[in-house]
Asks: 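This is the structure, below, for whatever I ask next.
The chain is numbered in sequence order, starting from 1.
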Amino acid sequence: MDFLSGYILSIVGIILVGVIVDLMLVDGQVKKYVQSIYVLFVIFTIVAPLPSFINNIKHGDFSLETSSIEVDKKYLEIIKNQKNTALSNAIETVFEEDGFVKVVVTIDSAMVDKVYTINKVCIDISDCPKSPSKAVINKTVQKVVTIDEKDIIVYE
């Protein structure tokens, strides 16, 4: 598979170089010579790998290897953290709109089978001058995320 992708990339690269050279040259005799050399170079690029490719097929060495696809766990962790931050900020904004300032929201989540799930939402109202009730907290959190009330933890 690496052979095929490298082969295609080399052909595309040669064509791009040819287009750039063609645009840079002025019409005339020199351009005709450069184009003739370029055509030979393209033909050589296309034909050169074919004999070894055909020999591999004849000897039975040719096989298309499937590349394994792996999930980038670091990327998923970054996405999870960004989602947690965005949801925390959204919940804090809703609290501020309702008149409750200095509410700190922390979200405990996980990526299970590449699916983002929220385990708990922790609400810290210890620094809040005007503390909301548990019912108001549940209602406010439910505006942003769908989660069971038992998974909403309040720290007073």
Asks: Which ILVMFWY residues can you reach from Ile79 by hopping between side chains whose heavy atoms are under 4.5 Å apart?
Replies: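 Besides Ile79, the hydrophobic cluster comprises Tyr75, listed by chain and residue number.
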
Asks: Could you tell me the separation between the NZ atom of Lys130 and the CZ atom of Phe95, rounded to the nearest 0.5 Å?
Replies: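 The NZ atom of Lys130 sits 12.0 Å away from the CZ atom of Phe95.
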
Asks: Kindly give the cluster partners of Val30, where membership spreads through any ILVMFWY side chain lying under 4.5 Å from a current member.
Replies: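 Val17, Val21, Leu25, Val34, all in the cluster of Val30.
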
Asks: Is the shortest side-chain heavy-atom distance between Val154 and Ile125 below 4.5 Å?
Replies: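 SC-SC contact between Val154 and Ile125 confirmed.
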
Asks: Can you hop from Val104 to Leu87 via hydrophobic side chains spaced under 4.5 Å?
Replies: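 No, because Val104 and Leu87 fall into different hydrophobic clusters, even though each may have its own neighbours under 4.5 Å.
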
Asks: Salt bridge or not between Lys80 and Glu77? Use side-chain N to carboxylate O under 4.0 Å.
Replies: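 Here Lys80 pairs with Glu77 in a salt bridge, since their nearest N and O are under 4.0 Å apart.
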
Asks: Side-chain contact, heavy-atom cut-off 4.5 Å: Cys122 with Asp108?
Replies: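 A side-chain contact is absent here, since even the closest heavy-atom pair is not under 4.5 Å.
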
Asks: Once rounded to the nearest 0.5 Å, what's the spacing between atom CD of Glu96 and atom CD1 of Ile91?
Replies: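 Here the interatomic distance stands at 12.5 Å.
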
Asks: Answer yes or no: is there a side-chain heavy-atom contact under 4.5 Å between Gln142 and Ile147?
Replies: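 Yes - at least one pair of side-chain heavy atoms lies under 4.5 Å apart.
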
Asks: Strictly below 4.0 Å, N to O, side chains only: are Asp22 and Lys31 in salt-bridge contact?
Replies: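 Result for this pair is yes, salt bridge flagged.
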
Asks: If you take all heavy atoms of Ala90 and Val144, which pair is closest and at what distance?
Replies: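 Looks like CB-CG1, 3.9 Å.
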
Asks: Tell me the closest heavy-atom pair linking Phe100 and Val136, and the distance in Å.
Replies: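 Closest approach of Phe100 to Val136, heavy atoms only: CE1-CG1, 3.9 Å.
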
Asks: Rounded to the nearest 0.5 Å, what separates atom OG1 in Thr146 from atom CG in Asp151?
Replies: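 The CG atom of Asp151 is 12.0 Å from OG1 of Thr146, to the nearest 0.5 Å.
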
Asks: Taking C-beta and beyond as the side chain, do Asp124 and Thr106 meet within less than 4.5 Å on heavy atoms?
Replies: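 No; the side chains remain at least 4.5 Å from each other.
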
Asks: Write down the atom of Pro129, the atom of Val101, and the distance for their closest heavy-atom approach.
Replies: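 It is CD-O, 3.8 Å.
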
Asks: Which atom names give the shortest non-hydrogen contact between Val103 and Cys128, and what distance separates them?
Replies: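 What the structure gives for the nearest pair is CG2-SG, 4.0 Å.
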
Asks: Please round to the nearest 0.5 Å and tell me the distance separating atom CG of Asn81 and atom OG of Ser88.
Replies: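 Here the rounded value is 10.5 Å.
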
Asks: Determine the minimum heavy-atom distance between Lys134 and Ile152, stating which atoms define it.
Replies: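 Shortest heavy-atom contact: NZ-O, 2.9 Å.
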
Asks: So if you build clusters from Ile, Leu, Val, Met, Phe, Trp, Tyr with side-chain heavy-atom gaps below 4.5 Å, do Ile14 and Ile46 land together?
Replies: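 Same cluster: Ile14 reaches Ile46 through Ile, Leu, Val, Met, Phe, Trp or Tyr contacts under 4.5 Å.
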
Asks: From Glu97 CD over to Glu92 CD, what is the distance, rounded to the nearest 0.5 angstrom?
Replies: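 Answer for the CD-CD pair, Glu97 versus Glu92, is 12.5 Å.
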
Asks: Working to the nearest 0.5 Å, report the span between OH of Tyr38 and CD1 of Ile15.
Replies: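 Interatomic distance, Tyr38 OH to Ile15 CD1, rounded to 0.5 Å: 5.5 Å.
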
Asks: Give a yes or no on this: more than 12 heavy atoms of other residues, nucleotides or ligands lie within 6.0 Å of atom OH of Tyr33.
Replies: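 Not buried by this count: 12 neighbours or fewer within 6.0 Å.
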
Asks: Would you find more than 12 non-hydrogen atoms of other residues, nucleotides or ligands less than 6.0 Å from Glu149 atom CD?
Replies: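 At most 12 heavy atoms, drawn from other residues, nucleotides or ligands, come within 6.0 Å of this atom.
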
Asks: Check Asp98 with Lys139, please: is the shortest side-chain N to carboxylate O separation under 4.0 Å?
Replies: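 No, Lys139 and Asp98 are not salt-bridged.
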
Asks: Show the nearest heavy-atom pair for residues Met111 and Leu76, with the distance to one decimal.
Replies: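 Scanning both residues completely, I find the closest heavy atoms to be CE-CD2, 3.6 Å.
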
Asks: Tell me who clusters with Val47, hydrophobic residues only, linked when side chains sit under 4.5 Å apart either directly or through other members.
Replies: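 Listed partners: Val39, Ile43.
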
